[in-house]
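Here the structure is laid out as structure tokens; the discussion comes afterwards.
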Amino acid sequence: MADQREDQHAPGATATIEDTDRSPRVANRAAFTKPAEISSYEIVTHYFKAASERLGLPDDVEAVLRSSYREVQVQVPVKRADGKIHVYSGYRVQHNGARGPYKGGVRYHPEVELDEVRALASLMTWKTAVVGVPYGGAKGGINCPVQEMEPSEVEAVTRDFIHKIDRVIGPMRDIPAPDVNTNAQVMAWMMDEYGKLHGHTPAIVTGKPIALGGSHGREAATGRGLVYAYREAAPHLGLPPDQTRVSIQGFGNVGSWAGRILQGLGCKIVAVQDQQGEIVNPDGIDTEALTKHLREGNHIEEFPGAEPVAVEEFLSTEVDVFIPAALGGMLHGDNAHLVNAKMIVEGANGPITPKADEIFTERGIWVIPDILANAGGVVVSYFEWVQNLQHFSWDEREVNEKLGTIMRRSFREVHHRSREDDVSMRIAAYQIGIERVVEAARTRGYL
Ligand code: GLU
């Protein structure tokens with residue numbers, strides 16, 4: 001979310017949705033903003049199985065693709081400002097490396113656990129395959145309460161984590177990147193720590209600051225990729241940008257960039273929710289001003305350009321496009337009926353549970369799935385890695401153009417498959433991803 005998420009958000013601007021509302025609507029917020037009871041692992045496994053069954057994958061091949069190649073768990077102790085040592089758990093899961101080095105972000109969140117990281121690592125395998133970048137899939141995480149930590153504590157945790165996983169990562173082995181609550185600064189610490197052990201190696205992480213070999217356009221890439229996906233999808237629904245109303249759930253890196261770029265195209269952002277509240281303005285919310293308002297530490301409901309509303313009202317605001325860009329499982333069986341949109345473009349990883357997915361299908365809401373829609377981040381990560389390996393730098397125009405080419409091509413491939421096989425965009429995307437991984441694994445002689 002999605003980003004404080006990388007991608008979906010960076011420290012200081014998290015899009016996790018917590019029950020911390022100050023308003024009298026606390027009880028309602030809790031009921032509608034808590035993620036579903038189903039785990040990310042169950043969500044991803046459900047979709048993977050639906051696609052692999054359609055493909056008729058043999059059981060043994062399915063078993064290989066469902067499990068991780070390697071799962072590392074390390075102890076991450078840090079002496080915090082209270083004088084005590086706090087012990088966190090750090091994870092790096094490498095799901096499948098048939099198509100290239102493992103690739104995926106690292107998230108910092110108190111609720112990070114192995115099962116979730118495992119699910120997110122497999123999503124990266126399918127995502128990199130769907131958009132055709134030469135990587136496998138991985139994910140990492142540390143279960144630290146990053147929002148309560150000093151920057152120096154976050155730095156210590158980051159360095160210790162890299163120190164402990166340095167033998168399983170590498171620029172040709174596994175390349176971390178930002179995700180929920182990690183950002184360019186965290187990547188700089190990771191690169192520096194890895195460099196102490198192995199010599200200066202910019203290609204060890206992507207999403208770095210520009211000054212350290214980061215790519216132009218990387219910070220906005222996930223949001224920009226969502227916009228490319230919307231632009232491909234919109235004509236099929238007869239939706240020109242100047243008649244498109246958008247609702248954004250989660251206003252971290254992904255949500256805020258998607259909002260700003262859509263607004264630049266002429267779309268109206270009419271509803272926004274972040275971890276603290278929700279606002280609506282039928283005439284359009286100035287997302288540039290909102291980003292600044294939130295960056296200065298203000299509460300979303302104090303934003304002068306919109307009205308605070310209850311969660312149900314936010315979810316049910318009539319829009320053309322709804323963008324879930326917070327955490328996984330945010331749209332589920334208990335709130336999916338409220339969403340009043342023609343199209344959902346998944347900014348977060350796994351934001352829709354299978355039950356909600358079913359409800360959206362029944363209601364004719366077109367869902368553009370995470371492994372396609374939010375792939376812009378990893379695509380520009382790939383560009384960053386290529387630039388690092390070539391000791392070369394592209395300008396932002398070139399990066400955005402190349403991103404657009406990949407997103408358009410991938411969208412068309414998935415859309416074509418979805419029509420041909422009469423399946424959802426999600427199942428079509430999984431089918432394409434799985435086929436590409438199977439082909440690479442077979443040719444290598446793994447299967
Ligand atoms: N964390 C992002 C994602 O979920 C980007 C990963 C990357 O750039 O490697 O896609």
Side-chain angles (χ1 to χ4, degrees), residues 1-10 15 40 44 91-97 99-109 112 116-131 133-142 169 171 173-184 186-187 190-191 203-208 214-215 217-226 229 250 252-255 257-258 324-328 346-351 369-388 399 403 406-407 410 429 433:
M1 169 344 325
D3 60 183
Q4 358 181 40
R5 309 196 110 198
E6 149 207 7
D7 262 65
Q8 316 193 40
H9 321 274
S40 300
V44 177
Y91 307 92
R92 186 70 181 169
V93 174
Q94 298 170 336
H95 173 256
N96 186 291
R99 299 183 60 265
Y102 300 97
K103 185 84 190 83
V106 178
R107 57 173 60 182
Y108 291 176
H109 193 278
V112 161
E116 183 196 33
V117 180
R118 196 179 268 152
L120 295 166
S122 76
L123 268 189
M124 289 308 300
T125 299
W126 317 127
K127 190 185 300 187
T128 52
V130 168
V131 291
V133 292
Y135 291 130
K139 201 82 172 193
I142 304 178
I169 60 172
R173 200 174 279 280
D174 182 356
I175 304 120
D179 198 78
V180 175
N181 292 330
T182 56
N183 58 10
V186 174
M187 297 305 114
M190 287 186 179
M191 181 193 91
I204 179 58
V205 287
T206 57
K208 298 178 290 292
S215 178
R218 176 63 185 82
E219 195 200 300
T222 311
R224 191 176 298 283
L226 290 184
N253 177 296
V254 175
W257 275 111
L327 288 176
E346 293 187 340
N349 288 315
D370 46 8
I371 57 175
L372 170 66
N374 76 23
V378 75
V379 169
V380 177
S381 276
Y382 165 59
F383 297 158
E384 180 173 328
W385 181 73
V386 168
Q387 292 169 77
N388 293 155
V399 168
L403 170 63
I406 293 185
M407 292 303 297
S410 309

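Start at 1 and go down the list; that is how both ligands and their atoms are numbered. Quick caveat, the model's predicted, so the values are computed rather than measured.
Not a single heavy atom of Ala375 sits less than 4.0 Å from an atom of ligand 1. Ligand 1 lies nowhere less than 4.0 angstrom from a heavy atom belonging to Glu384.
For ligand 1, the atoms lying closer than 4.0 Å to a non-hydrogen atom of Lys127 are 3 (C), 4 (O), 10 (O). Numbered from 1 in the order shown, with element, the atoms of ligand 1 that lie under 4.0 Å from a heavy atom of Gly377 read 8 (O). Under a 4.0 Å criterion applied to the non-hydrogen atoms of Lys103, ligand 1 contributes the atoms 7 (C), 8 (O), 9 (O). Interface of Met124 with ligand 1, defined as ligand atoms under 4.0 Å from a residue heavy atom, comprises 3 (C), 4 (O), 6 (C), 10 (O). Of all atoms in ligand 1, listed by their number and element, those nearer than 4.0 Å to a heavy atom of Arg218 are 5 (C), 8 (O). The distance from ligand 1 to the heavy atoms of Gly104 drops below 4.0 Å at these ligand atoms: 9 (O).
Of the possible polar contacts, none joining the Arg99 side chain to the Gly136 backbone as a donor-acceptor pair under 3.5 Å is found. With hydrogens and angles ignored, the 3.5 Å screen pairs a side-chain donor or acceptor of Asn253 with a backbone N or O of Glu219. Although no hydrogens or angles enter the test, the distance criterion places a donor-acceptor pair under 3.5 Å between the side chain of Asn374 and the main chain of Ala348.
When side chains are defined from C-beta on, Pro101 counts as touching Trp385, because their heavy atoms get closer than 4.5 Å. Two residues are said to be in side-chain contact when any heavy atoms from C-beta on lie closer than 4.5 Å; Val117 and Val112 meet this criterion. With contacts defined as side-chain heavy-atom distances shorter than 4.5 Å, the pair Asp370/Pro351 qualifies.
Side-chain atoms of Arg107 and Thr182 include no donor-acceptor pair closer than 3.5 Å.
Contacts between Ile175 and ligand 1, counted as non-hydrogen atom pairs separated by less than 4.0 Å, are absent for every part of the residue. In Pro178, the part holding a heavy atom less than 4.0 Å from any atom of ligand 1 is the backbone.
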